[in-house]
Amino acid sequence: MTIMEKARKGQSTKEIKAVAKIEGIPEKTLIERIANGTAVIPINKKHKGVEAGGVGLGLSTKVNANIGTSRDRCSISFEKKKLSAALAAGADAVMDLSTGGDIHAIRKAIIAECPKPIGTVPVYEVLVRSAKKSLSKLSMDPEILFETIEQHAEDGVDFMTIHAGLTMHAIELLRKQKRITGIVSRGGSFLAAWMCQNKRENPLYEDFDRVLSICKKHDVVISLGDGLRPGSLADATDRAMMQEMITLGELSARCRKAGVQAIIEGPGHM
């Protein structure tokens, strides 16, 4: 069972006990919050030696540090130095956003050395793989997208940003209203471009049950990404953004029903 499923049965776990002690709150309170989805503990069953940390209602603020390669600089040793610097500065979690070099090898090296929860955005890797096939056409195979999510989970990633709330309906609203700064999310812009070019629904939304199945297997926390977050105050709370937020709320409910821990990235996330 997942941590959420155990919490729903009123059961504690070593992770819940550890987080309750760190946060200085009653264990029963934390169990209730995890059970109702207002708190999560990102900890993949395959991430050995990771320290349990809680995120959510009534818990201390957490700092998440972003590291990762680019096509211009790809060095595992340099990423390890970034990781060490982030941990020394007190980061509570680390995201590997690599887009250059051997992304799989880099991710595994970071997970092996990081005692804190590790997060990723699987669609970034898919974007790199798709670009290698064709620069003129967004040739992403949805199957590759799900295989990549599965691989990240198998490697031990504790939480993943999944842009499943971006739908064709939301894109249509965006077209009608238009924006000054467009789509500023990297993952959101890639998926939106693919959807428009191929005239297909977002596979992450269309087959969200598959995402749930993968993440439940490894107890990975789903960070429901806000692909249509505004890039400026002028675009804030427009129809497209609000439609995505409504969809994310619905997907969050599906996560709770499936016993999968999830959080929704807020519109202030840049």
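Along the sequence shown, the residues carry numbers beginning at 1.
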Enquirer: A cation-pi test, strictly: NZ or CZ of R254 under 6.0 Å from the centre of the six-membered ring of F208 and no more than 45 degrees from its axis. Yes or no?
Expert: no
Enquirer: Taking all atoms of both residues into account, what is the closest heavy-atom pair of I222 and C255, and its distance?
Expert: CD1-SG, 4.1 Å
Enquirer: Show, in sequence, the C-alpha distance, side-chain angles and deciding distance for I263 and L224, and conclude whether the side-chain contact (heavy atoms from CB on, under 4.5 Å) test is met.
Expert: CA-CA 6 Å; I263 56 177; L224 292 164; over 6 Å; no
Enquirer: How far apart are the C-alpha atoms of S98 and E79, what are their side-chain angles, what is the distance that settles it, and do they pass the side chain to side chain donor-acceptor pair (under 3.5 Å) test?
Expert: CA-CA 9 Å; S98 293; E79 293 310 311; 5.0 Å; no
Enquirer: Under 6.0 Å from the NZ atom of K21, do we count more than 12 heavy atoms belonging to anything else shown?
Expert: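 No, the 6.0 Å shell around NZ holds no more than 12 heavy atoms from other groups.
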Enquirer: Identify, with sequence neighbours excluded, every residue that meets salt bridge (Lys or Arg N to Asp or Glu O under 4.0 Å) alongside D238.
Expert: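 Here the qualifying residues are R179.
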Enquirer: Would Y124 end up clustered with F190 when hydrophobic side chains under 4.5 Å apart are linked, directly or stepwise?
Expert: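 Yes, Y124 connects to F190 through the hydrophobic network.
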Enquirer: Would you check, one step at a time, whether the test salt bridge (Lys or Arg N to Asp or Glu O under 4.0 Å) holds for K62 with E23?
Expert: CA-CA 12 Å; K62 303 303 187 296; E23 298 289 342; 2.8 Å; yes
Enquirer: Which heavy atom of V220 sits nearest a heavy atom of A153, and at what distance?
Expert: CG2-CB, 4.1 Å
Enquirer: Do V55 and L59 come within less than 4.5 Å of each other through their side chains, counting heavy atoms only?
Expert: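 Answer no - side chains too far apart.
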Enquirer: Can you tell me how far the CD1 atom of I264 sits from the CG atom of L251, to the nearest 0.5 Å?
Expert: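 Interatomic distance, I264 CD1 to L251 CG, rounded to 0.5 Å: 8.5 Å.
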Enquirer: Tell me whether N198 contacts the main-chain N or O of W194 through its side chain, where contact means a donor paired with an acceptor under 3.5 Å.
Expert: yes
Enquirer: Do I111 and I76 belong together in a cluster built from hydrophobic side chains that touch within less than 4.5 Å?
Expert: yes
Enquirer: Can you list everything that forms a side chain to side chain contact (heavy atoms under 4.5 Å, CB included) with S84? Sequence neighbours excluded, please.
Expert: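 Not a single residue meets the side chain to side chain contact (heavy atoms under 4.5 Å, CB included) criterion with S84.
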Enquirer: For S232 and T181, which heavy atoms make the closest approach, and how far apart are they?
Expert: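 Looks like OG-OG1, 3.3 Å.
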Enquirer: Does a side-chain N-to-carboxylate-O contact under 4.0 Å join K216 and E5?
Expert: yes
Enquirer: Got a second to check how far M1's CE is from T13's OG1, nearest 0.5 Å?
Expert: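 Separation between the atoms: 10.5 Å.
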Enquirer: Considering all heavy atoms of both residues, which atom of L228 and which atom of L174 are nearest to each other, and what is their separation?
Expert: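 Shortest heavy-atom separation between L228 and L174 comes out as CD2-CD2, 4.2 Å.
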Enquirer: Does any N or O in the side chain of D219 come within less than 3.5 Å of the main-chain N or O of I43, such that one atom is a donor and the other an acceptor?
Expert: no
Enquirer: With sequence neighbours left out, what residues match E154 under side chain to side chain contact (heavy atoms under 4.5 Å, CB included)?
Expert: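 Here the qualifying residues are K46, E150, Q151, K217, H218.
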Enquirer: Could you walk me through whether R239 and Q177 satisfy the side-chain contact (heavy atoms from CB on, under 4.5 Å) test, starting with their C-alpha distance in whole Å, then the side-chain angles of each, then the deciding distance to 0.1 Å, before giving a yes or no?
Expert: CA-CA 8 Å; R239 291 171 183 168; Q177 187 167 350; 3.3 Å; yes
Enquirer: In Å and rounded to the nearest 0.5 Å, what is the OG1 to CZ distance from T161 to R186?
Expert: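 Atom-to-atom, T161:OG1 and R186:CZ are 12.0 Å apart.
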Enquirer: M160 vs S223, test: side-chain contact (heavy atoms from CB on, under 4.5 Å). Steps then yes/no.
Expert: CA-CA 6 Å; M160 299 184 208; S223 180; over 6 Å; no
Enquirer: Determine whether the side chains of T2 and Q261 contain a donor N or O and an acceptor N or O closer than 3.5 Å.
Expert: no
Enquirer: Quick check against the 3.5 Å criterion: does T69 have a side-chain atom that pairs as donor or acceptor with the backbone of G100?
Expert: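 Yes, the answer is positive, given that a donor and an acceptor are paired below the 3.5 Å cut-off.
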Enquirer: What pairs of donor and acceptor atoms, side-chain ones from residues 112-121 against any protein atom, are under 3.5 angstrom apart with sequence neighbours left out?
Expert:
| unit_1 | atom_1 | unit_2 | atom_2 | d |
| --- | --- | --- | --- | --- |
| E113 | OE2 | K80 | NZ | 3.1 |
| K116 | NZ | E51 | OE1 | 2.9 |
| T120 | OG1 | H152 | ND1 | 2.8 |

Enquirer: Given 3.5 Å as the limit, does a donor-acceptor pair link the side chain of D207 with the main chain of P203, or not?
Expert: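 Not confirmed, D207 side chain does not pair with P203 backbone.
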Enquirer: Please confirm whether the backbone N or O of D226 pairs with a side-chain atom of H163, one donor and one acceptor, at under 3.5 Å?
Expert: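 Here the side-chain-to-backbone pair does not exist.
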Enquirer: If you apply the rule side chain to side chain donor-acceptor pair (under 3.5 Å), what do you find for D72 with S70, and how did you get there?
Expert: CA-CA 5 Å; D72 299 316; S70 69; 4.5 Å; no
Enquirer: For L145 and L204: C-alpha separation, side-chain torsions, deciding distance, then whether side-chain contact (heavy atoms from CB on, under 4.5 Å) applies.
Expert: CA-CA 8 Å; L145 178 56; L204 294 172; 3.6 Å; yes
Enquirer: Got N202 and M168 here, is their nearest side-chain heavy-atom distance under 4.5 Å?
Expert: no
Enquirer: Is there a donor-acceptor contact under 3.5 Å from the side chain of N66 to the main chain of M95?
Expert: no
Enquirer: Do the charged groups of E125 and R107 touch, with an N to O distance under 4.0 Å?
Expert: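 Salt bridge: yes.
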Enquirer: Flag the pair E147 and R210 as a salt bridge only when some basic side-chain nitrogen lies within less than 4.0 angstrom of an acidic carboxylate oxygen.
Expert: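 No salt bridge links E147 with R210.
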Enquirer: Cluster question for you: counting only ILVMFWY and a side-chain heavy-atom cut-off of under 4.5 Å, with indirect links fine, are V260 and I41 together?
Expert: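 Cluster IDs for V260 and I41 differ.
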Enquirer: Side-chain heavy atoms nearer than 4.5 Å, only ILVMFWY residues, links allowed to pass through others: does that put I67 and F159 together?
Expert: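 Yes, same cluster.
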Enquirer: Under the rule for side-chain hydrogen bond (donor to acceptor under 3.5 Å, both in side chains), what residues qualify as partners of T99, not counting sequence neighbours?
Expert: none
Enquirer: Looking at S252 and L248, would you say the former's side chain and the latter's main chain have a donor-acceptor pair under 3.5 Å?
Expert: no
Enquirer: So, D155 and H104: side-chain donor and acceptor under 3.5 Å apart, yes or no?
Expert: yes
Enquirer: Can you tell me if K108 has over 12 outside heavy atoms packed within less than 6.0 Å of its NZ?
Expert: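 For K108, atom NZ is not crowded (no more than 12 foreign heavy atoms under 6.0 Å).
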Enquirer: Could you measure the distance from the CD atom of E201 to the CG atom of L166? Nearest 0.5 Å is fine.
Expert: 8.0 Å
Enquirer: Looking at every heavy atom in both S185 and R229, which two are closest together, and how far apart are they?
Expert: CB-NH1, 3.4 Å
Enquirer: Any donor and acceptor pair, going by atom type alone, linking the side chain of T38 with main-chain N or O of I34 inside 3.5 Å?
Expert: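 A pair under 3.5 Å: no.
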Enquirer: Please check: side-chain N/O of D102 versus main-chain N/O of A105, any donor-acceptor pairing under 3.5 Å?
Expert: yes
Enquirer: Under a 4.5 Å side-chain heavy-atom rule over Ile, Leu, Val, Met, Phe, Trp and Tyr, are V211 and M4 clustered together?
Expert: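 No, no single cluster joins them.
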Enquirer: Can you name the nearest heavy-atom pair linking A234 to I180, along with the distance?
Expert: CB-CD1, 3.5 Å
Enquirer: Hey, what do you get for CG (L83) to CG (D96), rounding to the nearest 0.5 Å?
Expert: 9.5 Å
Enquirer: Using 0.5 Å steps for rounding, measure from the SG atom of C215 to the CD1 atom of I162.
Expert: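 C215 SG to I162 CD1: 6.0 Å, rounded to 0.5 Å.
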Enquirer: In chain order, what residues pass the side chain to side chain contact (heavy atoms under 4.5 Å, CB included) check against K199, with sequence neighbours excluded?
Expert: none
Enquirer: Would the distance check show the side chain of S213 and the main-chain N or O of D209 forming a donor-acceptor pair, the cut-off being under 3.5 Å?
Expert: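 No.
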Enquirer: Applying side chain to side chain donor-acceptor pair (under 3.5 Å), run through E244 and T167 and close with a yes or a no.
Expert: CA-CA 7 Å; E244 182 185 38; T167 62; over 6 Å; no
Enquirer: Only one of K14, K17, R33 passes salt bridge (charged side-chain N to carboxylate O under 4.0 Å, His left out) with E27; say which it is.
Expert: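 When salt bridge (charged side-chain N to carboxylate O under 4.0 Å, His left out) is applied between E27 and each of K14, K17, R33, only K17 qualifies.
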